[in-house]
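Take a look at the structure set out below.
By convention in this document, chain letters (A, B, ...) are assigned in the order of the sequence lines, proteins followed by strands, and residues within each chain are numbered from 1. What you see is a predicted model; the values in this text were computed from it and never measured.
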Amino acid sequence: MTTPQAQPLLQVEDLSTFFPVRGGLFGGGGSAVVRAVDNISFDIRPGEVFGLVGESGSGKTTLGRTLLKLVDPTAGAIRYKGTDIAGYTERQMRPLRRELALIFQDPNASLNPAMTIVQGVGHPLRIHGITSSRAQTRSRVAEMLERVGLSPAETFLDKYPEDVSGGQKQRLVIARALITEPAFVVADEPVAALDMSVRARVLQLMLDLQRDLGLTYLFITHDLATARFVCDRIGILYLGSLVEWGPARQLFDDPQHPYTRSLLDAIPLPDPRRRHRDKQLPTGEMPDALNPPAGCRFHPRCPAAFEVCGWEGADLIDFLEDRWTVVDEPTFERELAATGPLDSAEVARDEVRFPKADHGALVPLLRGLRDEEAGRVFTGVTDVTTDADAVVVRFGEGPAPALQPVQSVQVACHLHGVVEQPSDLSRG
Amino acid sequence: MTSAVSDTASGRPPSNVPVLQVRDLSVAYGTPRGSLGAVDRISFDLYPGESLGVVGESGCGKSSMGRGLMQLLPAGAEVSGSATLAGRELVGASDQQLRRLRGEDIALVFQEPMTRLDPLMKVSAHFVEAIRAHRPGVDKDEARHMAREALAQMGIPRTRADNYPHEFSGGMRQRIMIALGIVLKPAVVIADEPTTALDVIVEAQILDLLDRLRADERVGLILITHNLGIVAETCDRVAVMYAGHIVETGSVEQVFNDPKHPYTRGLMASTISLETTALHSIEGYPPDLVDPPPGCRFHPRCPDAMYQCREKIPEHAEPNPGQHASCYLYPGSGQPDPEEPPGTLAAALHA
């Protein structure tokens, strides 16, 4: 179990992993960059289960792979037992590999179907020169199979992965990952592919092994319920950024970031009596990582967003489109005539220009919507004016929030006081 | 044998004429090892404006059931039994009849929307094609107008009706698929894991839309899912499937608050929720359906298995009004007289 004074096993500082994308969505054919992991800091203590929770596209898998140096970081430090391995070459990593393990989600992708179980599970022993004879490998693999509940091991050793069930296959994956007696294990959605009736057994196995072998886990999942059960501390990722992290209990009992709260509200509960509970659900979906929102990346969907959260031109276009799905058709036709076709609007961070607008109609429409606070986007609107050829809507400043301590967690949200990220790291 | 027909305790909407009646529906696939009975003689009713959750783990037959109802199965699959939709028989209907029924009377929403939308066709064109195939009298402008309204109802901006499928996010594509499914106002919508590929927040949005559709249009909704939470949050009634059989049905309140079948109990206990304080699981693994165990198919994993469970499939008993369980724990399941010593039943049968 975790002791609060313990020196971190792994310290992550300002870690970023960017992927270049050729072509991209932007004009001019220049190259774009996906900020899969963007300036993340946290630490993992020896013997704990640290949960990394996020939806698909949040960067959780990339972060896990970066920590194991299976992907090269763009910037930042990864201190493993005090030594920064971020810049290590593969040759330098080699002696560390047996201490670092990865458990994949898809057992079919991580077991070679052409190898027998003793060959596949024993493979890392050979690679690292841990065993020197076939008999030695066989006895080590048999011992590991018994440990993961594949018993009697003799009946499994010479089978192929396709001969066993899904739950048993995942036990093989775990056996293969742990056979080198690693210290740090990244488990990437280890039970997501399993049916409910066998999922708990594999989780229990992972927890038993952690206790018996003194493992430290980074547990990557999209499932907050599972994370709550198995993790000591949890970090919540959204679009490449850590929005909140801290002790699991604190995070679930009193979430500080609106995104954490939304995730908790959205989980369907297997209890029909709780069906009509109050839920604060965000609108829309996680945006394209190639073109993330300004300021706080969650602001366009946030039920609590206010004026400094990063409102920008694109948010106004989204607001109008959403509005037009709920108003009646004549209202839609009238308002569309006022704005002109939305694809003619010139959209920037700090303003939107409507060059084909009906000036006489659009200015009162937008001012009216702002006055009646029709959408949160209007909290960020500083001005609605006309110039020679267009109606112009202007937006104020909206810095990206930095992590700050609140209670016993770290949270990146302006609701707790506006703390900007250092300007060289936030997006310009 | 019909299950869950006479349920009055479920708070079901007042209509008492089922829109869909399924009786002894079976779906079997030919395999090199022999016939695989994915769905084995299941029966249920669906009422207008009702949502029925069909829940079970992978391989239990829930998807085959949905596809069997739509007659959308691979070559070599066999459907038998009966399914009547507003009086018309679906099983054995001709291709021409089915083309008319699909979309107009019954629609299927799949798990992966991208594989169902033509990437080279504008979203509006999908609608125009579907509408005009069923209603040749509707002109293109009218069909486009219907498309925009159906899309707006599902939260897709009217201004984006002429975009291509790849220009939408995963959740929006699923909204488009639902809009396409409902544009002809079918009486029954079968949604097969409609949110499994989506994130939890988008999932909640889509479930909300389906629920509004059910309430506003009085659509009968069959929601196929492995997620008990989704059933508890959105369905009126639930059917629990295991190895091709419906093992329990009842109102969501009944089945979740007082599950009767040992499989339902095991499934609920092994579900990890925010309130989970200890891990539970069901021993063993689901059976091979080419060669299923005799009697109750759950008996090899069942903590309550008795001698007779291996002999004969139990009838649907009704331990609570409207709640049915196929299990010898309950009177009415056809269990032998408890006075008779075990073994004599089998001996009598073989005599």
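Inspection of non-hydrogen atoms places B:Glu57, B:Ser58 of residues 55-64 of chain B under 4.5 Å from chain A. Listed in order of number, the residues of residues 51-61 of chain A that approach chain B to under 4.5 Å between heavy atoms are A:Glu55, A:Ser56. Scanning residues 263-275 of chain A against chain B with a 4.5 Å non-hydrogen threshold yields A:Leu263, A:Leu264, A:Ala266, A:Ile267, A:Pro268, A:Leu269, A:Pro270, A:Asp271, A:Pro272, A:Arg273, A:Arg274, A:Arg275, sorted by number.
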Practice task
Take B:Asp236 and B:Ser51 through the side chain to side chain contact (heavy atoms under 4.5 Å, CB included) test and state the conclusion after the steps.
Solution key: CA-CA 5 Å; B:Asp236 302 311; B:Ser51 76; 3.9 Å; yes
Practice task
Please test B:Ile176 against B:Leu151 for side chain to side chain contact (heavy atoms under 4.5 Å, CB included), starting from the C-alpha separation and ending with a verdict.
Solution key: CA-CA 6 Å; B:Ile176 291 168; B:Leu151 286 168; 4.0 Å; yes
Exercise for the section: Starting from the C-alpha separation in whole Å, work towards a yes-or-no answer on salt bridge (charged side-chain N to carboxylate O under 4.0 Å, His left out) for A:Arg334 and A:Asp358. Expected result: CA-CA 10 Å; A:Arg334 191 172 63 244; A:Asp358 173 350; over 6 Å; no
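Contact annotation for B:Asp208: neither backbone nor side-chain heavy atoms come within less than 4.5 Å of a heavy atom of chain A. For B:His280, the part lying under 4.5 angstrom from a heavy atom of chain A is the backbone only. At a 4.5 Å heavy-atom cutoff, the contact between A:Arg199 and chain B is made by side-chain atoms alone. Looking at B:Leu207, neither its backbone nor its side chain comes within 4.5 Å of chain A, counting heavy atoms on both sides. In this structure, the portions of A:Thr226 lying under 4.5 Å from any heavy atom of chain B include both its backbone and its side chain. Within the 4.5 angstrom heavy-atom criterion, only side-chain atoms of A:Arg301, from C-beta onward, approach chain B. Both the backbone and the side chain of B:Ile230 come within contact range of chain A, each with at least one heavy atom under 4.5 Å from a heavy atom of that chain. Both the backbone and the side chain of B:Met172 come within less than 4.5 Å of a heavy atom in chain A. When heavy atoms are compared at a cutoff of 4.5 Å, B:Ala269 does not approach chain A at all.
A salt bridge (charged side-chain N to carboxylate O under 4.0 Å, His left out) with B:Arg237 is found for one member of B:Glu50, B:Glu253, B:Glu248 and no other, namely B:Glu50.
Counting heavy atoms from C-beta outward, B:Arg214 and B:Asp211 have side chains that approach closer than 4.5 Å. Between B:Thr159 and A:Phe332 there is a side-chain heavy-atom pair separated by less than 4.5 Å.
When atom types are taken as modelled, the side chain of B:Arg148 and the backbone of B:Arg158 share no donor-acceptor pair closer than 3.5 angstrom. Distance alone, capped at 3.5 Å, is enough to place a donor-acceptor pair between the B:Asn227 side chain and the B:Gly229 backbone. Between the side chain of B:Gln174 and the backbone N or O of B:Pro194, at least one donor-acceptor pair lies under 3.5 Å.
In this structure, a donor-acceptor pair under 3.5 Å is absent between the side chains of B:Asp258 and B:Gln254. Between B:Arg212 and B:Gln153, the side chains place no donor N or O within less than 3.5 Å of an acceptor N or O (distance only, hydrogens not considered).
The salt bridge (charged side-chain N to carboxylate O under 4.0 Å, His left out) test applied to B:Glu233 returns A:Arg277, A:Lys279, not counting sequence neighbours.
In this structure, A:Arg201 is positioned above the aromatic face of B:Tyr285, its NZ or CZ under 6.0 Å from the six-membered ring centre and within 45° of the axis. Cation-pi contact between B:Arg297 and B:Tyr242: absent, since separation from the ring centre below 6.0 Å together with deviation from the ring axis within 45° is not met.
Aromatic ring pairs are classed by plane angle as parallel below 30°, tilted from 30° to 60° and perpendicular above 60°; the pair A:His257 and A:Phe298 is tilted.
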